[in-house]
**Q** 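The structure follows.
Letters A, B, ... mirror the listed sequences (proteins, then strands); counts begin at 1. Side-chain atoms are counted along with the backbone in the values below, which use heavy atoms only and exclude waters and symmetry mates.
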Amino acid sequence: MGQLAHRDRPAGFPDFSAKYPDLMRSYLDFEKPVAELEAKVEELRALAATDNAVSVTEEIGKIEGKAAQALKELYSGLTPWQKTQVARHPQRPHCLDYINNMITDFVPLAGDRKFGDDAAIVAGFGRFRGESICILGHEKGSDTESRLKHNFGMARPEGYRKAVRLMEMADRFGIPVLSLVDTAGAYPGIGAEERGQAEAIARSTDVCLGLTVPNVAVILGEGGSGGAIALATANKVLMLEHAIYSVISPEGAASILWRDSTKAQEAATNMKITAQDMVRFGVIDTIVPEPTGGAHRDPREAIASTADAIAAAFAELRGLDRDAVRKARRDKFLAMGRIPARSAG
Amino acid sequence: MNWINNVVRPKIRSILRRDTPENLWIKCPETGQLVFYKDVEQNQFVIPSSGYHMRISAPKRLSSMFDNGEYEDIALPEVQVDPLKFRDERRYADRIKDARTKTGYQDAVKLGIGRLEGQMVTIGVQDFDFMGGSLGMAAGEAIIAGLETAVKRETPFIMFAASGGARMQEGILSLMQLPRTTVGVQMLREAKKPYIVVLTNPTTGGVTASYAMLGDVHIAEPGALIGFAGPRVIEQTIREKLPAGFQRAEYLAEHGMVDMVVHRHQLRSTLGDLCRLLTKAPAYVPGKQLPAA
C-alpha cells in the first residue's frame, strides 16, 4: 500500500523511489509491529512469485489490512517523543522536495554578499501556482554527501544573511515570501560565532517582522529554536501534523534541566513541542495533515496537502495593503501568550 | 547516605557560615584573591586589583546609572505564570517562587526611568540572579514595556543584558520572546529614539539572537561572555578546544560585533555622551537638567 511506483505520477513529479532506491523503508523503533506485518507481506509475495500453486492473495490482503490498521492506530496516538523521531525521519520529504514539487521556474540565488554562501539555507525565486514567490528554507540533505553539503540543515550566519538579502529584495518587488523551516538549530561553531551568528538571526527575525509583503512559514519537520524563528516569524505559520517546534531540542533540555541526557523523552513531553500544542498556545495557525504513517510514507500526498495549505494561507492575506500586512504580523506576535486583558488594550 | 549528604551537611555548613558572613570577603573569580566586600561595592563591583567586573544586581545597576540614584520605577506587566505547567526535577512554579523569595524581584527584568547626566532616559536591566536572567513571558513583556515607555516619554532606551538565554521552562513561548521583543525594538526605531545595549557577563543564547544584538550601539563590559551558542555546546559539536578569549567582550569588539568595551567606571559618562549626541541634545553641563518631553 502506498508505494509510489504503483501510482500515476503527474508530469514533472520526481520519483521518490529513485531518491531512495527500492524505497528501503527505514522503520522507527516504535513501528516494529507494522514492520513485522509488512515483512510478512513481502515474504508471501516472494513465495507467490516462485510457486504458482500456492494462492496467497487472500492472505496477503488480510495482512496488508492488518498492517494498515496497525499503522493508522499507531499514528493517531503518537507521543511527543515519537513525533520527534518522525519529524527527523531520514526519508521525510525535505525543503528541496517541496521546492521541486510545488514551485516551477525555481531560480536559486546564492551568497550573502558579505562573506560567503551557506547551503544549509536554500533560497531563491520561483512560481507558486503561477505567481512569483520568494522561497527560503532549511535543507537537511537526503544522503551522506548532500547532508554534508547542506550541513544537516544547520545554518551559519551567511545563510541568515542570504535570507535577509532575498527578503529585502522580495519586499522591494512586492513578492510574497514562503519559508520552509526544518532545522535542529543554527550551527554552533567557532566561525559561526566569530561572524555573528546571534546578530544574523536577530536581524533575520527583524527583517521578517518588517516585511510589507505577506509571508507564510511552514514547519516541515524540526523547528529548532532561534535557527527556526529567524525564518518563521510570519503572518501565517503552518506546521505539519507530526512536526515539532521548540526552544531547545528534547536532548538539550534533558541535559540542561534534568542534567541527564537520557531524559529526552520526558523533556519532549513536558516541553510541549507538538503541532497540537502549538495551536493551543496560539503560536501556529494551521496544522497540515500528514498521510497515515507520516509524510515519509507518501511524500507526494504530504507535499500536495502542504501546497494547498500554503495557498489557503496566502489567500487569507490577499487584499491587505502593505502597512496592514506588517501591522497584522506584529500585532499577532505581540498578542502571543498575553493574558487577554492586556492584548485587548 | 544521601540523606546525610543532602540534609545534614548543608545544615552544618550553614551553621558554620554564620560565623564568617558570606558577604564580608569575596574571592576574585579571576585571580582567586580575597577582597573586602565593602571595597568592591564602593568600586561599582569591580575588583580593585584585577579589574574583574562582578555581576551587579538590577536595583544597584539602576541606581548607579541615574543622577543621585533617583529614578521612577516602571510597573511590569502581568503575565501568565507557568503556561506549560512545566516540571523537570522540580515544578517550574516552585522554582519561580524560590527565585522570587531569593531575589525579591517579580522576574528577571527591572525597569526605571529618570535622568542620566541631566537627560531623561529609560533603562531596562536583566538580573542574572533571577533564574539566570532567562527570557520568558515576564522578561519579554517587561522589555517591551520598557521600549514602549521610551517611545511614549520620548527618551532613549538603554538595555543592560545579562542572561543564559531563553527560559526553557516556558517552552515555545520563551522562543516567541525573540520576535516579540524585536517588535518592541522596531517601535523605538520608528520613534527615532536611540537604543543602546550594554552586554554584561554573561549574555548568551536566544537573548543575543534578538534585542541584545539589535541596538543602535553595542557596548560590552570588560571580560563579559557574549555569544549565541554556549562554549560547552560548541566544544561538543566541533570536538576541539576553543581559542583563548573566545566569546569574550574584547573578542567581539575585534570581530565587529560591539562598538566598544567600556570599563564600568566610564560607562555612565559614555552612555550620557551617546544619548546626548544621538538626540542632538546640548553638551553636558554638570547639574543642569535637560527638559523632559
**Q** What are the two closest non-hydrogen atoms of A:Arg338 and B:Met137, and how far apart are they?
**A** N-CE, 3.8 Å
**Q** Can you check whether anything in residues 269-280 of chain A gets within less than 4.5 Å of chain B, heavy-atom wise, and list it by number?
**A** A:Asn270, A:Met271, A:Lys272, A:Met278
**Q** Between atom CD1 of A:Ile190 and atom CD of B:Gln247, what is the distance when rounded to the nearest 0.5 Å?
**A** 9.0 Å
**Q** For A:Glu193, is it the side chain, the backbone, both or neither that has a heavy atom under 4.5 Å from a heavy atom of chain B?
**A** side chain
**Q** Is it the backbone or the side chain of B:Tyr211 that comes under 4.5 Å from a heavy atom of chain A, or both, or neither?
**A** neither
**Q** Tell me, with the steps shown, if B:Tyr251 and A:Glu194 meet side-chain contact (heavy atoms from CB on, under 4.5 Å).
**A** CA-CA 8 Å; B:Tyr251 179 93; A:Glu194 221 167 46; 3.1 Å; yes
**Q** At a heavy-atom distance under 4.5 Å, which candidate from A:Arg330, A:Gln197, A:Glu199 has the highest pair count against chain B?
**A** A:Arg330
**Q** Could you grab the distance from atom CD1 of A:Ile248 to atom CD1 of B:Ile172, nearest 0.5 Å is fine?
**A** 12.0 Å
**Q** Assess whether side-chain contact (heavy atoms from CB on, under 4.5 Å) is satisfied between A:Arg329 and B:Val183, documenting all intermediate values.
**A** CA-CA 10 Å; A:Arg329 190 187 302 112; B:Val183 173; over 6 Å; no
**Q** Report the distance from atom CD1 of A:Ile256 to atom CZ of B:Arg232, rounding to the nearest 0.5 Å.
**A** 7.0 Å
**Q** To the nearest 0.5 angstrom, please state how far the CG atom of A:Asp260 sits from the CD atom of B:Glu89.
**A** 8.0 Å
**Q** Against chain A, work out which of B:Glu170, B:Gln177, B:Arg87 has the most heavy-atom pairs shorter than 4.5 Å and name it.
**A** B:Arg87
**Q** Which bit of B:Met168 comes within less than 4.5 Å of chain A, counting heavy atoms only: side chain, backbone, both or neither?
**A** both
**Q** Heavy-atom cut-off 4.5 Å, strictly under: side chain, backbone, both or neither for B:Val79 against chain A?
**A** backbone
**Q** Between B:Ile234 and chain A, which part of the residue has a heavy atom less than 4.5 Å away: side chain, backbone, both or neither?
**A** both
**Q** Looking at every non-hydrogen atom in both residues, tell me the closest pair between A:Val247 and B:Ala166 and how far apart they are.
**A** CG2-CB, 3.5 Å
**Q** Identify which part of B:Leu214 has an atom lying under 4.5 Å from any heavy atom of chain A, answering side chain, backbone, both or neither.
**A** side chain
**Q** May I ask you to check whether over 12 heavy atoms, not counting those of B:Lys85, lie within 6.0 Å of atom NZ?
**A** yes
**Q** Looking at A:Phe333 and B:Arg180, what are the two nearest heavy atoms and their distance?
**A** O-NE, 2.9 Å
**Q** Please rank A:Gly196, A:Ala253, A:Ser225 by heavy-atom pairs under 4.5 Å with chain B and give me the top one.
**A** A:Ser225
**Q** Before giving the answer on side-chain contact (heavy atoms from CB on, under 4.5 Å), spell out for B:Leu175 and A:Ser246 the whole-Å C-alpha distance, their side-chain angles and the decisive distance to 0.1 Å.
**A** CA-CA 8 Å; B:Leu175 185 64; A:Ser246 66; over 6 Å; no
**Q** Sort by residue number and list every residue of residues 210-223 of chain A having at least one heavy atom under 4.5 Å from chain B.
**A** A:Gly210
**Q** Which atom pair, heavy atoms only, marks the closest approach of B:Thr237 to A:Pro188?
**A** OG1-CG, 3.5 Å
**Q** First locate atom OH of A:Tyr245, then atom CE of B:Met176, and finally report the distance between them rounded to the nearest 0.5 Å.
**A** 3.5 Å
**Q** Once rounded to the nearest 0.5 Å, what's the spacing between atom CG of A:Asp206 and atom CG of B:Leu178?
**A** 11.5 Å
**Q** Any idea which of B:Met213, B:Met257, B:Gln186, B:Gln80 has the most non-hydrogen atom pairs under 4.5 angstrom with chain A?
**A** B:Gln186
**Q** Could you check if a side-chain atom of A:Ile229 sits within less than 4.5 angstrom of a side-chain atom of B:Pro179, using non-hydrogen atoms only?
**A** yes
